[in-house]
Structures are given as structure tokens and as C-alpha cells.
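Numbering starts at 1 and runs along the sequence shown.
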Amino acid sequence: AYPSIKAKLVETVALANRRFTINGSYLQGGGGDLRLRLEFDVKLGDTEGSILEVCDGQVLWTRHQIGSDIRISRRDVRQILQAAADNGLPDNLITVELGFGGLPGVFASIEKSMQFDQYKEDTAEGRKLIVIEGGWKPHMLKIWQGKKPEEPLPDYVPSRIRVYLDGESLFPRRILYLGRNPENVLRPKVSLDFSEIETGTSIPAAKFKFVPPDGVF
């Protein structure tokens with residue numbers, strides 16, 4: 001519903017004996033089109049990488065760079081959504097299945113896969129927060145467990161999700177995925193924190209444009 005969104009974001013990942021932090025920025029335009037720009041930079045050991053997603057509402061470009069290796073993909077959003085509509089599939093489901101990004105994609109995925117069972121109010125830095133928590137819907141949990149429901153989930157699969165919403169605007173300040181350790185205690189696996197949030201500000205149209213460089217596959 002926002003005319004635009006502009007924010008900094010930090011993602012922290014803790015899996016097994018690996019822990020790293022990803023810094024980035026997020027832009028989202030309004031007007032009913034999927035206009036977004038998501039940029040991530042990550043360093044793991046001596047390897048540096050980046051991800052860039054840019055969509056002008058028509059075409060979604062994705063650029064992955066690991067070291068000097070660059071891969072670029074192009075998806076015609078309008079063509080795909082039209083084909084989905086012709087087959088009776090809702091936009092939010094396609095947003096999930098094809099990885100059309102940004103916050104709409106994240107929350108469409110959460111809505112499809114998770115069910116919330118806890119609600120509380122909290123404060124942080126003088127701001128009221130609404131905290132909701134839940135776990136996998138039964139059909140999703142069955143997929144993750146496979147034929148071994150008695151065994152713990154793989155390390156890369158969280159058990160619970162906790163979302164911290166601003167008490168006034170309901171904007172997501174933090175999305176936290178939690179997993180259980182061998183002692184069955186919940187520990188953070190992935191956190192996504194938004195800061196310096198601006199809504200309704202003017203974002204130049206050029207921010208949602210991407211021209212692939214020559215000679216890159």
C-alpha cells in the first residue's frame with residue numbers, strides 16, 4: 001500500500017559452524033507494478049559476492065557475482081503473470097514460486113508456508129513493536145521431513161519464524177528464522193533487519209532500470 005519504500009537491510013546467517021553478515025539496500029516503487037531494486041554484498045572468507053535484482057514492472061533482471069564470475073538472468077514479469085492468470089493462478093502464488101522478489105515475495109511466501117500461533121507486544125529503542133511467531137503449516141513440514149518425521153530438520157531449515165512489526169505503521173522491522181539445537185532450544189538462524197526506513201519518498205525511475213553489460217552471459 002505504500003507509494004514507495006526505501007530501506008537499508010542487514011541479513012545475518014548462522015548455520016552450523018558458519019556465520020556471516022550480508023549488507024544491502026532495498027527500494028520498492030508503488031503504482032501496482034512490481035518495481036524494486038535489491039542489492040546485497042557478502043564476504044565469506046576470501047570470497048566476495050553480490051546480488052542485484054532490478055525490476056521496472058515489466059522485466060526482472062538478476063545479477064549474481066561471485067569473485068569475477070558474473071551471471072545475469074532476465075524474466076518477463078508481465079508475460080509470466082499473464083500466463084498465470086490465464087491458468088487461474090493468483091499473482092501472490094506466482095510471486096512465490098518464481099522468486100519475484102522484494103517484500104511482496106517474502107510475505108507471500110510466509111503466508112503460503114507458515115501459520116502464526118503467538119502474539120505479543122514489546123518495545124525497542126522507545127518504539128512499540130508487535131511480535132508474531134509461528135511455524136510451518138503441516139503440508140510444508142511434511143515436505144521438509146520427508147520419510148523421516150522423527151528426525152530433526154536439516155540445519156538449513158528453520159523450525160519457527162518471528163516477525164517484528166512496527167507498532168504504528170506495521171512495517172516489518174525484523175524477520176527472524178529460528179532453528180532448534182540438539183538441546184531443543186530455539187536459536188537464530190537467519191535474521192533480516194530493516195533500518196533507515198523511508199516510505200512515500202520520491203525514487204527516480206532510473207533506479208528500476210538495468211542494462212546488462214556487453215559480453216556477459
task: Sequence neighbours left out, what passes side-chain hydrogen bond (donor to acceptor under 3.5 Å, both in side chains) with Arg174? Give chain and number order.
output: Asp193
message: Testing the basics here: between Pro188 and Ala14, what is the closest heavy-atom pair and its distance to 0.1 Å?
response: O-CB, 4.0 Å
query: Which heavy-atom pair separates Pro3 from Gly200 by the least distance, and what is that distance?
result: CG-CA, 4.0 Å
query: Is Val13 reachable from Leu176 through a run of I, L, V, M, F, W or Y residues, each pair having side-chain heavy atoms under 4.5 Å apart?
result: no
- prompt: For the side chain of Lys6 and the backbone of Glu196, is there at least one donor-acceptor N/O pair under 3.5 Å apart?
  reply: no
task: Output the distance between atom CD (Gln58) and atom CD (Gln79), rounded to the nearest 0.5 Å.
output: 11.0 Å
query: Can you check whether Leu52 reaches Arg37 side chain to side chain, under 4.5 Å on heavy atoms?
result: yes
- request: Using a 4.5 Å cut-off on heavy atoms from C-beta on, say whether the side chain of Asp41 contacts that of Glu48.
  value: no
query: So do the side chains of Leu153 and Leu141 get within less than 4.5 Å of each other, counting heavy atoms only?
result: yes
- request: Enter the distance from Arg35:CZ to Lys209:NZ here, rounded to the nearest 0.5 Å.
  value: 9.0 Å
query: If you look at every heavy atom in Pro149 and Gln145, which pair is closest and at what distance?
result: O-NE2, 3.5 Å
query: So, do Thr62 and Arg75 sit near enough that their side-chain heavy atoms are less than 4.5 Å apart?
result: yes
field: Pair Lys128 + Glu168: basic N to acidic O under 4.0 Å
entry: no
message: Heavy-atom count check: over 12 atoms from other residues, nucleotides or ligands less than 6.0 Å from Lys142 NZ?
response: no
- prompt: With a 4.5 Å heavy-atom cut-off, do Pro213 and Ile72 have their side chains touching?
  reply: yes
query: Which pair of heavy atoms, one from Ile132 and one from Leu165, lies closest together, and at what distance?
result: CD1-CD1, 4.3 Å
- request: Could you tell me whether Asp117 and Arg160 have a side-chain N and a carboxylate O separated by less than 4.0 Å?
  value: yes
field: For Lys43 against Phe20, the heavy-atom pair lying closest together
entry: O-CB, 4.3 Å
- prompt: Within the side chain of Ser25, is there an N or O that forms a donor-acceptor pair under 3.5 Å with the backbone of Lys8?
  reply: no
message: Nearest 0.5 angstrom please: Ile161 CD1 to Ser113 OG, how far?
response: 9.0 Å
- prompt: Do other residues, nucleotides or ligands put more than 12 heavy atoms under 6.0 Å from the CD atom of Glu150?
  reply: yes
- prompt: Would you say Ile203 and Phe210 are hydrophobically clustered, going by side-chain heavy atoms of ILVMFWY under 4.5 Å?
  reply: no
query: Got a second to check how far Glu198's CD is from Ser4's OG, nearest 0.5 Å?
result: 8.5 Å
- prompt: Going through the distances and angles, do Ile51 and Leu38 end up as a side chain to side chain contact (heavy atoms under 4.5 Å, CB included)?
  reply: CA-CA 8 Å; Ile51 296 175; Leu38 174 66; 5.9 Å; no
query: Hey, does the side chain of Gln65 reach the backbone of Gly67 with a donor-acceptor pair shorter than 3.5 angstrom?
result: yes
- prompt: So, for Gly134 and Met114, which heavy atoms are closest and what is the spacing to 0.1 Å?
  reply: O-CE, 4.4 Å
task: Evaluate side chain to side chain contact (heavy atoms under 4.5 Å, CB included) for Val42 paired with Glu11, printing each intermediate quantity in order.
output: CA-CA 10 Å; Val42 61; Glu11 184 173 2; over 6 Å; no
Value rounded to 0.5 Å, distance of CD1 in Ile197 from CG in Asp166: 7.5 Å
query: Residues in ring pair (Phe, Tyr, Trp, His ring centres under 6.0 Å) with Phe208, at least two apart?
result: none
- prompt: How long is the gap from CZ on Phe116 to CD on Glu133, to the nearest 0.5 Å?
  reply: 9.0 Å
Crowding at CD1, Ile66 (>12 non-hydrogen neighbours, <6.0 Å): no
- request: Using the rule that two of Ile, Leu, Val, Met, Phe, Trp, Tyr join whenever any of their side-chain heavy atoms come within less than 4.5 Å, decide whether Leu103 and Leu129 are in one cluster.
  value: no
field: Hydrophobic cluster identity match, Tyr2 and Val163, side-chain contacts under 4.5 Å
entry: yes
query: Do the non-hydrogen side-chain atoms of Arg63 and Val54 ever get within less than 4.5 Å of each other?
result: no
- request: May I ask you to decide if Pro158's main-chain N or O and Trp136's side chain share a donor-acceptor pair within less than 3.5 Å?
  value: yes
query: Once the angle between the rings of Phe194 and Tyr26 is folded into 0 to 90°, is it parallel (under 30°), tilted (30 to 60°) or perpendicular (over 60°)?
result: perpendicular
- prompt: Do the ring planes of Tyr156 and Trp144 sit parallel (below 30°), tilted (30 to 60°) or perpendicular (above 60°)?
  reply: perpendicular
message: If you define the side chain from C-beta out and look only at heavy atoms, does anything of Phe40 sit under 4.5 Å from Leu9?
response: yes
field: Sub-4.5 Å side-chain heavy-atom contact between Pro138 and Gln115
entry: yes
query: Is there a chain of hydrophobic side chains (I, L, V, M, F, W, Y, each step under 4.5 Å between heavy atoms) that links Val157 to Met140?
result: yes
